[in-house]
Amino acid sequence: MNMSETIHRKLTAEFAPLELLVTDDSARHEGHSGHRPGGETHFIVRIVSPVFAGLPRVERQRRVYAAL
């Protein structure tokens, strides 16, 4: 299982999202700190879930990081 699939699986289990898109953005970070050959180091996540209703953006982000 690659990292994108792992992220998708964990976020689905935690938030039962209505929408979830995980995009590997590693190619744009080549040469930056933390980049590894083969990618899977930087991701863009779009998640829509009822769990986030009424929560500020920063709290939503904290919960996603905690789940991962």
Nearest-0.5 Å distance, CG of residue Leu11 to CG of residue Leu68: 4.5 Å

Nearest-0.5 Å distance that lies between atom OG1 in Thr6 and atom NE2 in His8: 11.5 Å

Partner residues of Leu21 under the side-chain contact (heavy atoms from CB on, under 4.5 Å) criterion, sequence neighbours left out: Thr23, Arg46

Sequence-distant partners of Gln61, side-chain contact (heavy atoms from CB on, under 4.5 Å), two or more places apart: Arg57, Tyr65

Under 3.5 Å donor-acceptor, Glu5 side chain and Asn2 backbone: yes

Donor-acceptor under 3.5 Å (Ser26 side chain, Thr41 main chain): yes

Contact summary for Ser49 and Pro17, nearest pair of heavy atoms: CB-CA, 4.1 Å

Closest contact, heavy atoms only, Asp24 versus Phe43: CA-CD2, 3.7 Å

same_hphob_cluster(Val48, Leu55) at 4.5 Å side-chain heavy-atom cutoff: no

Electrostatic pair Glu59:Arg63 at N-O distance under 4.0 angstrom: yes

Side-chain heavy atoms of Ile47 within contact of Val22, under 4.5 Å: no

